[in-house]
Amino acid sequence: MALLSVNVDHIATIREARGIDEPDPVLAAGIAELAGAEGIICHLREDKRHIKDRDLELLKKMVKTKLNLEMSPVKNLIDTALTIKPDLVTLVPEKREEVTTESGLDVVDNKEEYKRVTGALKEAGISVSFFIDPDPNQIKESLDAGADIIEIHTGYYCEAVLESEILREFEKIKEAAKLGVELNLKVHAGHGLNYVNIKRFSSIPEIKEYSIGHSIIARAVMVGLDQAIREMIKLVSQF
Ligand code: PXP
């Protein structure tokens with residue numbers, strides 16, 4: 001049975017479109033937990049364009065399940081993580097101009113840096129997840145760099161259009177999940193998943209948790225946040 005963590009950045013994005021104090025991602029996190037989410041995710045970007053320090057501080061105080069802080073491994077954000085001490089940090093690459101995270105970490109080329117950052121976080125009692133492409137080399141190097149969890153980037157699969165391309169990308173995720181488990185890593189997945197394209201994942205029991213944001217908030221606009229989260233939990237709990 002797979003679990004669901006809900007990304008509340010998209011609530012902050014709506015707030016920032018108006019530049020006022022609502023809707024509040026912290027309130028959304030409470031609703032997500034009441035609806036049965038296993039964890040709350042927020043991405044503190046270097047430019048803090050949606051989630052702010054205030055959100056992170058309040059989320060740390062009120063999240064009862066698990067707070068997963070996504071961030072790029074840069075010094076000032078690492079310092080923030082070491083001060084706030086979320087349950088989990090997910091390291092992601094970040095490009096300032098991107099609308100959302102575009103690719104996984106390049107652990108192969110930056111292993112020593114990620115190893116150092118991971119060591120510091122783990123020493124402070126924070127678990128560390130690496131957001132990586134479904135690539136065997138990245139998975140092996142993640143283990144070597146000390147990751148507890150790999151979050152497999154599902155965006156290429158979600159964006160694929162031709163059936164052959166969809167199947168090819170899905171196979172990569174399936175193989176990556178199997179390798180992760182063989183290496184004793186916990187395997188999560190996320191990015192671009194919605195109520196339709198997630199159904200195929202019932203054939204990958206190795207993935208124990210899904211990180212989902214946009215599609216849940218999009219559905220919540222129509223049916224309410226509680227119902228949108230319950231519907232997604234119902235799907236992933238069958239895997
Ligand atoms: N996982 C990671 C590492 C992400 O950066 C994001 C996007 O913030 C997600 C999961 C959730 O993606 P989506 O909003 O497309 O569901």
Side-chain angles (χ1 to χ4, degrees), residues 2-14 16 25 28-29 32 37-52 55-56 59 66-74 77 81 86-107 114 127-135 138-139 142 147-160 169 173 176-177 180 186-199 201 207-221 225 228-229 231-233 235-236:
L3 303 168
L4 173 69
S5 275
V6 176
N7 183 317
V8 295
D9 297 352
H10 308 274
I11 299 285
T13 300
I14 299 172
E16 296 309 313
E38 171 65 19
I40 302 299
I41 309 162
C42 67
H43 185 168
L44 190 65
R45 298 189 72 96
E46 283 186 76
D47 59 8
K48 312 216 171 143
R49 68 181 184 220
H50 41 52
I51 293 292
K52 310 284 180 202
D55 301 326
L56 184 58
L59 286 169
K66 175 177 72 190
L67 179 61
N68 178 353
L69 172 61
E70 282 178 9
M71 52 176 225
S72 81
V74 294
L77 295 180
D87 302 286
L88 174 64
V89 161
T90 299
L91 298 178
V92 299
E94 191 172 303
K95 288 193 217 120
R96 201 46 82 81
E97 329 74 56
E98 68 191 359
V99 176
T100 181
T101 314
E102 286 171 354
S103 61
L105 288 172
D106 187 350
V107 193
Y114 296 162
S127 300
V128 182
S129 174
F130 283 11
F131 181 63
I132 52 170
D133 292 349
D135 169 337
Q138 298 292 351
I139 298 167
S142 298
D148 303 295
I149 301 168
I150 50 166
E151 181 182 331
I152 301 174
H153 185 2
T154 51
Y156 309 106
Y157 156 75
C158 296
E159 282 161 21
E169 292 302 331
I173 297 170
K186 287 188 195 148
V187 180
H188 295 182
H191 210 287
L193 293 169
N194 63 35
Y195 294 78
V196 177
N197 64 21
I198 199 164
K199 291 188 177 151
F201 285 77
I207 298 176
K208 297 298 181 207
E209 192 172 311
Y210 292 89
S211 298
I212 306 182
H214 184 85
S215 66
I216 290 176
I217 305 309
R219 181 163 293 215
V221 172
L225 188 54
I229 290 170
E231 284 179 38
M232 188 57 89
I233 291 173
L235 283 171
V236 303

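Each ligand, and each atom within it, is numbered from 1 in the order the structure gives. Just so it is clear, the model here is predicted, and its values are computed rather than measured.
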When I212 is tested against each of I198, N7, I217, I41 for side-chain contact (heavy atoms from CB on, under 4.5 Å), which residue passes?
-> I198
From [atom1] ([X]) to [atom2] ([Y]), nearest 0.5 Å:
{"X": "S103", "Y": "D135", "atom1": "OG", "atom2": "CG", "answer": "11.5 Å"}
{"X": "I216", "Y": "Y210", "atom1": "CD1", "atom2": "OH", "answer": "13.0 Å"}
{"X": "D148", "Y": "S127", "atom1": "CG", "atom2": "OG", "answer": "5.0 Å"}

Output the list of atoms in ligand 1 that are nearer than 4.0 Å to some heavy atom of [X], sorted by atom number.
{"X": "G192", "value": "12 (O), 13 (P), 15 (O), 16 (O)"}
{"X": "V92", "value": "3 (C)"}
{"X": "I212", "value": "16 (O)"}
{"X": "H10", "value": "14 (O)"}
{"X": "H214", "value": "13 (P), 14 (O), 16 (O)"}
{"X": "S211", "value": "10 (C), 11 (C)"}

So is [X] polar-close to ligand 1, meaning N/O to N/O under 3.5 Å?
{"X": "N7", "result": "yes"}
{"X": "S215", "result": "no"}
{"X": "L193", "result": "no"}

Min side-chain heavy-atom separation E94-H43 under 4.5 Å | yes
Compute whether any side-chain donor of one residue and acceptor of the other, for D133 and Y156, lie under 3.5 angstrom apart.
-> yes
With heavy atoms only and a cut-off of under 4.0 Å, state how H153 meets ligand 1: side chain, backbone, both or neither.
-> neither
Which residue from G213, G190, S5, P93 reaches closest to atom 16 (O) of ligand 1 through any of its heavy atoms?
-> G213
Looking only at non-hydrogen atoms, the one of M71, E151, H43 nearest atom 1 (N) of ligand 1 is E151
Do the ring planes of H153 and F131 sit parallel (below 30°), tilted (30 to 60°) or perpendicular (above 60°)?
-> tilted
Count the heavy atoms of every other residue, nucleotide or ligand shown that sit under 6.0 Å from NZ of K186, and state whether that count exceeds 12.
-> no
